[in-house]
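A short write-up of the structure that comes next.
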Amino acid sequence: MPAAAAPIISSVQKLVLYETRARYFLVGSNHAETKYRVLKIDRTEPKDLVIIDDRHVYTQQEVRELLGRLDLGNRTKMGQKGSSGLFRAVSAFGVVGFVRFLEGYYIVLITKRRKMADIGGHAIYKIEDTNMIYIPNDSVRISHPDEARYLRIFQNVDLSSNFYFSYSYDLSHSLQYNLTVLRMPLEMLKSETTQTRQESFDIFEDEGLITQGGNGVFGISSEPYMKYVWNGELLDIIKNTVHRDWLLYIIHGFCGQSKLLIYGRPVYVTLIARRSSKFAGTRFLKRGANCEGDVANEVETEQILCDASVMSFTAGSYSSYVQVRGSVPLYWSQDISTMMPKPPITLDQADPFAHVAALHFDQMLQRFGSPIIVLNLVKEREKRKHERILSEELVAAVTYLNQFLPPEHTIIYIPWDMAKYTKSKLCNVLDRLNVIAESVVKKTGFFVNRPDSYCSILRPDEKWNELGGYVIPTGRLQTGVLRTNCVDCLDRTNTAQFMVGKCALAYQLYSLGLIDKPNLQFDTDAVRLFEELYEDHGDTLSLQYGGSQLVHRVKTYRKIAPWTQHSKDIMQTLSRYYSNAFSDADRQDSINLFLGVFHPTEGKPHLWELPTDFYLHHKNTMRLLPTRRSYTYWWTPEVIKHLPLPYDEVICAANLKKLVVKKFHKYEEEIDIHNEFFRPYELSSFDDTFCLAMTSSARDFMPKTVGIDPSPFTVRKPDETGKSVLGNKSNREEAVLQRKTAASAPPPPSEEAVSSSSEDDSGTDREEEGSVSQRSTPVKMTDLGDSAKVTENVVQPMKEVYGINLSDGLSDEDLSIYLRFVQLGQSQHKQDKSSQQFCSRCPDGVIKLTPISAFSQDNIYEVQPPKVDKKSTEIFHAHIQASQGIMQPLGKEDTSMYREYIRNRYL
């Protein structure tokens with residue numbers, strides 16, 4: 001069945017900036033370079049931005065003629081001073097935006113990119129380098145002494161550090177939202193198609209749709225969720241004047257992808273973290289929430305699981321789970337002027353009616369639905385009241401808000417003092433977190449785009465039947481979300497999110513039919529791969545907000561971290577303290593300037609002259625806001641009507657206005673993700689085809705010993721993993737022997753790369769330390785003198801080397817396979833009966849083989865000719881006749897395809 005809708009692929013992916021004295025010409029094209037658009041930027045205005053977009057789609061020939069005329073026109077002005085003609089200034093892959101300080105405007109271009117992930121054929125890129133170009137020419141430039149300082153502050157936001165974009169996939173929304181939009185009813189799409197014929201005249205448009213039977217494909221492009229867009233302010237000035245393909249929205253956070261190989265079946269595990277651009281900043285300078293309900297360090301983390309063997313969104317299997325972290329939604333802060341490692345927590349404003357918390361949870365109900373589950377990891381018992389201040393206030397706020405909500409949609413509050421359980425020797429922190437994770441995932445459910453498999457209906461699992469969420473004919477929807485917080489939302493939060501993600505991953509794998517029970521154990525290749533992905537995610541977010549990597553990791557809470565980890569923790573703590581004390585203020589100024597929170601204005605105080613940025617982030621301090629919400633009905637009325645479904649995903653008039661719907665031909669490049677991904681129109685190179693070097697469970701985690709179970713769900717010992725430590729001499733000798741036995745084993749990893757799993761051991765494994773190793777065969781000591789002393793042999797048993805135990809009897813099936821193999825090998829040489837009789841009389845039993853003179857049907861060097869069907873024979877005869885000048889008449893489908901090719905290539 002053809003897809004009802006497809007994402008619109010941006011037709012501006014390659015850019016070239018051409019320069020004349022009076023103007024910049026920005027030429028953008030799609031990847032195939034068949035369609036072009038041109039922006040004209042005026043350079044004679046000293047402070048205003050004048051951009052003209054003619055919204056015409058050019059062909060390659062038309063663009064060459066246009067640039068030739070521009071070059072010729074500028075060269076004919078012999079009297080003008082300075083440069084003349086048209087010069088190529090820079091090549092780029094996208095426009096980040098336009099910004100102005102105290103002089104003229106700058107344009108920020110992406111000059112280098114790197115592919116980080118792939119979701120259904122939609123590539124996700126990381127910005128590697130940018131170029132910032134001043135637009136006005138020197139003759140009209142009005143210099144300002146503070147311009148250079150603002151430029152330096154702006155460039156302190158390193159765009160090459162964890163900023164991501166995509167030309168066809170909306171990164172600001174979840175996978176559930178993106179696929180829900182694509183599955184809208186056709187009647188809704190037809191009513192929204194108001195701009196089917198736009199921007200260009202197409203002589204084949206009506207005729208093409210008729211010849212195809214009217215089965216065109218709807219292309220859909222949705223407005224981004226601006227909360228997670230970081231260049232929204234930079235693009236705001238051109239948003240209403242240029243075509244939407246010029247607008248490239250970027251997110252900030254983390255993106256990682258790994259490949260889970262299940263007996264050769266590739267499954268991609270993708271982790272995307274979206275950092276909020278509202279109330280954004282650094283650790284001690286941004287705490288709590290602002291007056292609009294936006295909290296500090298708010299990050300939405302989404303884990304996506306997809307079967308990589310099928311690429312299409314419509315035919316493939318996709319699943320996702322979303323969770324959120326964020327600061328406690330109250331008015332609170334910490335004073336860092338005292339230079340204390342843990343500054344005291346103070347509540348800045350009294351909020352008896354939980355106004356800020358109400359705004360925050362209203363946003364969450366609108367985006368995620370219900371239930372909202374709050375997991376509070378803040379300390380509850382302290383000698384000196386510190387973190388407990390936040391717990392008491394948060395409990396009071398949630399209790400107040402819940403008394404007005406319907407009972408089935410109340411906010412679920414789970415307090416758990418994680419630090420207290422960590423110090424206790426009797427409690428296992430991760431076991432308790434696993435219980436919480438199970439209850440959370442059962443309440444919220446997860447998203448999957450396919451109905452339950454038949455095997456789960458035949459063999460239902462008890463845990464599966466208790467799963468929540470919203471079941472639809474085409475799969476399941478996640479309703480509600482887990483919101484985790486500690487004080488910093490870094491170390492404790494990342495471990496808790498990992499445990500919830502691990503539990504959700506088990507359900508996702510079960511829903512796709514990849515495991516028989518929705519349960520995953522530690523020390524398996526799958527969980528080790530997922531843990532490494534989450535630790536990279538935690539390190540990245542911690543660097544962005546706290547200035548250092550994670551201090552406490554999953555292994556820390558499992559209490560299996562090596563002793564060397566403690567020194568690393570101390571260094572990370574010192575690095576975090578130094579960053580918070582000396583560099584966070586400059587980073588905060590850069591973020592405020594980049595996000596447009598502060599706009600430089602002539603005659604007003606500069607950014608570095610402000611004593612605080614409190615007034616910039618709390619708009620109610622500068623002007624009176626509209627009427628306050630009700631203290632009892634604190635939610636948006638439309639949101640509460642559609643719970644437990646999120647209002648943003650409900651099909652209604654307000655949400656339909658956020659979509660751009662256009663009907664395309666089925667061969668149109670804007671909706672053909674197959675051509676976009678495989679690019680059959682260009683010569684492929686290995687560098688481009690294999691540019692995404694993702695972590696693989698088979699290569700990086702599976703043991704290299706032959707005979708080991710290759711399943712990524714098998715529990716392994718620490719010395720069996722692909723990243724184990726080669727510590728003592730016997731281990732090194734054993735590893736060398738393994739590499740000789742297993743031809744596919746790579747060279748040993750470095751000490752630093754493998755130290756993370758060196759002590760990855762459990763209590764049950766420690767009981768076997770005194771016993772003989774299961775991976776070596778001991779040899780008894782003999783009394784033959786010093787020359788014959790034999791220590792413990794490191795030779796492996798036959799079971800591990802060959803996969804079978806040769807001392808055991810073969811089964812009938814194995815024996816029949818072996819006999820067939822022997823007969824096949826014997827039949828590759830022909831012998832006559834006389835030679836066989838002669839050889840049988842030879843005392844040594846040596847058989848003299850004669851050269852091959854003829855082939856028999858049962859021979860490994862001969863194959864039976866394939867049978868060719870009638871249609872293939874006709875195609876071959878037509879090909880031969882075409883070479884002789886005898887052409888076959890074209891059918892309707894061939895004519896339509898040729899017209900589409902001509903239209904896409906030359907019109």
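Gln366 pairs by the side-chain contact (heavy atoms from CB on, under 4.5 Å) definition with Val639, Tyr647, Asp648, not counting sequence neighbours. Applying the side-chain hydrogen bond (donor to acceptor under 3.5 Å, both in side chains) rule to Glu298 yields the partners Lys227; only residues at least two apart in sequence or on another chain are considered. For Tyr470, there are no side-chain hydrogen bond (donor to acceptor under 3.5 Å, both in side chains) partners at least two apart in sequence or on another chain. Under the side-chain contact (heavy atoms from CB on, under 4.5 Å) criterion, Thr540 pairs with Asn162, Phe254, Gln544, sequence neighbours left out. Residues passing the side-chain hydrogen bond (donor to acceptor under 3.5 Å, both in side chains) test with Thr493: none are found, sequence neighbours excluded. Considering only residues two or more places apart in sequence or on other chains, Ser172 meets the side-chain hydrogen bond (donor to acceptor under 3.5 Å, both in side chains) condition with Asp170.
Relative ring orientation between Tyr534 and His537 is described as perpendicular, the plane-to-plane angle rising above 60° on a 0-90° scale split at 30° and 60°.
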* To do: Test Gln508 against Gln303 for side-chain hydrogen bond (donor to acceptor under 3.5 Å, both in side chains), laying out the working first.
  => CA-CA 10 Å; Gln508 290 175 282; Gln303 61 188 57; 2.9 Å; yes

* Chi angles and distances behind the side-chain hydrogen bond (donor to acceptor under 3.5 Å, both in side chains) call for Arg275, Asn297 -> CA-CA 7 Å; Arg275 179 174 292 280; Asn297 195 22; 2.9 Å; yes

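Residues Gln478 and Gln176 have side chains that never bring a donor and an acceptor to within less than 3.5 angstrom of each other.
For Arg716 and Asp525, the salt-bridge test passes: some basic side-chain N is under 4.0 Å from an acidic carboxylate O. In this structure, Glu438 pairs ionically with Lys463, as a charged nitrogen and a carboxylate oxygen lie closer than 4.0 Å.
Closest approach of Thr301 and Ala273 over heavy atoms only: OG1-CB, 4.2 Å.
In this structure, Arg367 forms a cation-pi arrangement with Tyr225, its terminal cationic atom sitting closer than 6.0 Å to the ring centre and no more than 45° off the ring axis.
When ring centroids are compared, His122 and Phe313 come within the 6.0 Å threshold. Residues Tyr510 and Tyr507 keep their aromatic ring centres 6.0 Å or farther apart. Trp416 and Tyr421 have their aromatic ring centers within a separation under 6.0 angstrom.
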